[in-house]
There are 2 protein chains.
Amino acid sequence: MELNRIITGDCIAAMNAMPAKSVDLIFADPPYNLQLHHNLLRPEGGKVDAVDDDWDKFDSFAAYDAFTRAWLAAAHRVLKDDGSIWTIGSYHNIFRVGAALQDLGFWVLNDIVWRKTNPMPNFKGTRFTNAHETLIWCAKSETARYRFNYHAMKALNEDLQMRSDWLLPICTGAERLKSGGTKAHPTQKPEALLYRVLLACTEPGDVVLDPFFGTGTTGAVAKLLGRDWIGIEREEKYVAVAQARIDGLLPLSGGDMAVSEGARGLARVAFGALVETGMIRPGTTLWDARRRHRARVRADGSVERDGRAGSIHQIGAAAEGAAACNGWTYWHVEEGGGLVAIDAKRVAYRAATGVASAG
Amino acid sequence: MELNRIITGDCIAAMNAMPAKSVDLIFADPPYNLQLHHNLLRPEGGKVDAVDDDWDKFDSFAAYDAFTRAWLAAAHRVLKDDGSIWTIGSYHNIFRVGAALQDLGFWVLNDIVWRKTNPMPNFKGTRFTNAHETLIWCAKSETARYRFNYHAMKALNEDLQMRSDWLLPICTGAERLKSGGTKAHPTQKPEALLYRVLLACTEPGDVVLDPFFGTGTTGAVAKLLGRDWIGIEREEKYVAVAQARIDGLLPLSGGDMAVSEGARGLARVAFGALVETGMIRPGTTLWDARRRHRARVRADGSVERDGRAGSIHQIGAAAEGAAACNGWTYWHVEEGGGLVAIDAKRVAYRAATGVASAG
DNA sequence: CGTCAGGATGAATCCCCCG
DNA sequence: GCGGGGGATTCATCCTGAC
């Protein structure tokens, strides 16, 4: 089997033409079936550049399921018995993909949450910011002896076990491939994501297959890490971009590559978290250190003073007639006859929950 | 329908005995179908106290799917058209539940990741630490007008949009209910999780249904926040624990339940009303913030620019060549040598006339 | 050359009342 | 039920151009 090349064509046919049990790892980023109906405008009037490509359009969930089961069955055949498979998706499609994986006999090892440091906001204020995507990692069967480089993952995570939630930025800037001044592909994944997947589940010389190759992030990281790879992609324009990208790369010599871990230092704690967890009850009176001003805690973590509601910082600033105020040190609660700064509650919260570092 | 009580029995039968379209929110924590075949040993030899209750055993994915679709269909019937449903699960079951939700016509609004600050480590070093669970939030249909208290969520998160990943501790310590020295229920959820769900999607007086009530976390938080609730639980030992727990609770006072509201809750003011009352005189020049465009106020509250007259919004959009425009924040009047947004005039108008909230 | 303000942008199922 | 129109709504990051 010829390695380190892109096959142009349909991934099901291409996989069926490959030898059975021939690849060690499959990474698949299939269409998400986003079902976007309307144009979305940003508050300042700009238009969101949506994914509206034909390859993401399906007539129904049934049609999407049929497609999913077909490519997963082909993937099952080419995967070695001790290999494993990763898929990525969003709430639009990931439940269909996950159920299909289970139905085909794949054994789920983890679901991994890719938390985006910089997701697009929800412009209309109608839902929670959709700030993550989900990956599913499966062995070929319940009893398979899959590869997991536990210590490499632990080392990558400052000697703590790598968790199932990964904080990584989306692909922007110089890493984002352009063609003709605009993005070459609407859904290019960050190399750091593939780096972690390949480092966790393969060793040098393993064969990595990506049936939805796109601009070739999987191939690029595989080459970098000294893994062999095969990419399958239907659209010739993406094939050209991917080939040029990978040709221009040099593998690492011995090496390593920085994986973004996001902001370090102490985790940001919202005042609302203290209210939610019952450390401070709605209705509690907050005092400044000299009891000259008071405010009342509301159910959503905002506070109210003289009929005006806002954050602890905003209302503290208003009480002092100042432009800004650190509400954590400004406001206090009554405790044992004296006043305790709410910052002490934050310290206690961090200690109780073990949220030491951000990320 | 009798509220604020626990129904002992099977949740499907109990929901089918309830009136159709009678609840505003459903929170469901169904069995996870954990498929734990072997006893798991800790490194030091102790046995992990795993979920091995009969209620979590299913013979196959098909049996679990049939159960899931049955209770979800019953839930669909009792949910109001503009209500919403939350479910929680792990990778063992959440894909089955999510696919069933979509197949039954529920419309996914978000998948939410509950990131645990203190998850159980992976003792064997064979996988990533399973550090999260997944919630799925759905409206009853694609076109339903569900409730989302956007500004309350934003206030709870230090004035940033609440994201789809929530960092919360697991339920331990004093909050963890005990019976006879051991934990009363193997999967008790933290109150903070329910607090956020109920604060986001209900208002005081709404009816919240939990078909897998367990030790009654949903009921406890509903009572605290002044929401009505109904719990359904099959196991009498859990019913007793939940009832005692909720009976011992005091709700917040009415004022403490108040949360932040956005401008959509404010009374609508016609621009013409400001002209009528003399706050803005006909003939006044309106400017955009950077003085690139100007318009002239007419006697009827319309404005004119380049020979075209229309509302402040229409003429603002025309000036910008945009599809839409909020004229209140786009246009400004000269005042004291600087520019003041006409929105400030609207604030003054509301204050002067006492029209605070929308009717 | 550096700094700063302004603009662009990312897998998005993104409004709602009134006639 | 549908169409029109008022008017509510954004976070982190990177790039470009002005000075």
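This one's a predicted model, so the numbers in the text were calculated from it and none came from an experiment. Chain A is the first sequence line, chain B the second, and so forth, proteins listed ahead of strands; every chain is numbered from 1.
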Trainee: Can you check whether Trp107(B) stacks with the dT13(C) base, using ring centres under 5.5 Å and planes within 30°?
Mentor: yes
Trainee: Can you find a donor-acceptor N/O pair under 3.5 angstrom joining the side chain of Arg264(B) to the base of dG6(D)?
Mentor: no
Trainee: With a non-hydrogen cut-off below 4.0 angstrom, is Cys171(A) in contact with a base, only sugar-phosphate, or nothing?
Mentor: nothing
Trainee: Rounded to whole Å, please give me the gap between CG in Asn118(A) and P in dT10(D).
Mentor: 18 Å
Trainee: Is it the case that the base of dA8(C) and the side chain of Lys47(A) share a donor-acceptor contact (distance under 3.5 Å, atom types as modelled)?
Mentor: no
Trainee: What is the nucleic acid contact for His132(A), judged by heavy atoms within less than 4.0 Å: base, sugar-phosphate only, or nothing?
Mentor: nothing
Trainee: Assign Asp56(A) to base, sugar-phosphate, or nothing according to its heavy-atom contacts below 4.0 angstrom with the strands shown.
Mentor: base
Trainee: According to the Watson-Crick and G-U wobble definitions, with both distances under 3.5 Å, which nucleotide is paired to dA12(C)?
Mentor: none
Trainee: What interatomic distance, in whole Å, is found between C1' of dG5(D) and the corresponding atom of dT13(C)?
Mentor: 25 Å
Trainee: Can you tell whether the side chains of Asp29(A) and Lys189(A) come within less than 4.0 Å, N to carboxylate O?
Mentor: yes
Trainee: Can you tell me, in whole Å, how much space there is between the C1' of dG7(D) and that of dC14(C)?
Mentor: 15 Å
Trainee: Reading DNA chain C from 5' onward, which residue's closest nucleotide shows up sooner: Arg145(B) or Phe106(B)?
Mentor: Phe106(B)
Trainee: Between Pro121(A) and Ala174(A), which has a closest nucleotide on DNA chain D that is more 5'?
Mentor: Pro121(A)
Trainee: Just checking Asn130(A): base, sugar-phosphate only, or nothing, at a heavy-atom cut-off of under 4.0 Å?
Mentor: sugar-phosphate
Trainee: Have Thr217(A) and Arg245(A) got a donor and an acceptor in their side chains that come within less than 3.5 Å?
Mentor: yes
Trainee: Looking at every strand, decide which applies to Asn110(B) at a 4.0 Å heavy-atom threshold: base, sugar-phosphate, or nothing.
Mentor: nothing
Trainee: Touch check for Gln314(B), heavy atoms < 4.0 angstrom, all strands: base, sugar-phosphate only, or nothing?
Mentor: sugar-phosphate
Trainee: For the side chain of His92(A), starting at C-beta, report the closest nucleotide among dA8(D), dT13(C), dG5(D).
Mentor: dT13(C)
Trainee: With no hydrogens and no angle check, just 3.5 Å: does a side-chain donor-acceptor pair link Asp111(B) and His132(A)?
Mentor: yes
Trainee: Looking at dT13(C), does its base get a donor-acceptor pair with the side chain of Arg127(A) below 3.5 Å?
Mentor: yes
Trainee: Any base atoms under 4.0 Å from Arg346(B), or only sugar-phosphate, or nothing? Heavy atoms, all strands.
Mentor: sugar-phosphate
Trainee: Remember a base hit wins even if backbone is also touched, and classify Thr329(B) as base, sugar-phosphate or nothing at under 4.0 Å, heavy atoms.
Mentor: nothing
Trainee: For Glu44(A), which contact category applies under a 4.0 Å heavy-atom criterion: base, sugar-phosphate, or nothing?
Mentor: base
Trainee: One thing to verify: whether Asp103(B) and Arg96(A) come together as a salt bridge, which I'm taking to mean a side-chain N less than 4.0 angstrom from a carboxylate O.
Mentor: yes
Trainee: Under a 90° cut-off about 0 for the syn range, is dT13(C) syn or anti?
Mentor: syn
Trainee: Would you mind classifying the nucleic acid contact of Leu160(B) as base, sugar-phosphate or nothing, using non-hydrogen atoms under 4.0 angstrom?
Mentor: sugar-phosphate
Trainee: Is there a Watson-Crick or G-U wobble partner for dA5(C) with both distances under 3.5 Å, and if so, which one is it?
Mentor: dT16(D)
Trainee: Show the numbers, then the answer: is there a side chain to side chain contact (heavy atoms under 4.5 Å, CB included) between Lys154(B) and Leu160(B)?
Mentor: CA-CA 5 Å; Lys154(B) 195 171 175 180; Leu160(B) 290 176; 5.7 Å; no
Trainee: Give me the distance, rounded to whole Å, that separates dT10(D) from dT9(C) when you measure between the C1' atoms they each carry.
Mentor: 12 Å
Trainee: Do Gln314(B) and Arg308(B) pair up side chain to side chain, a donor and an acceptor below 3.5 Å, judged on atom types alone?
Mentor: no
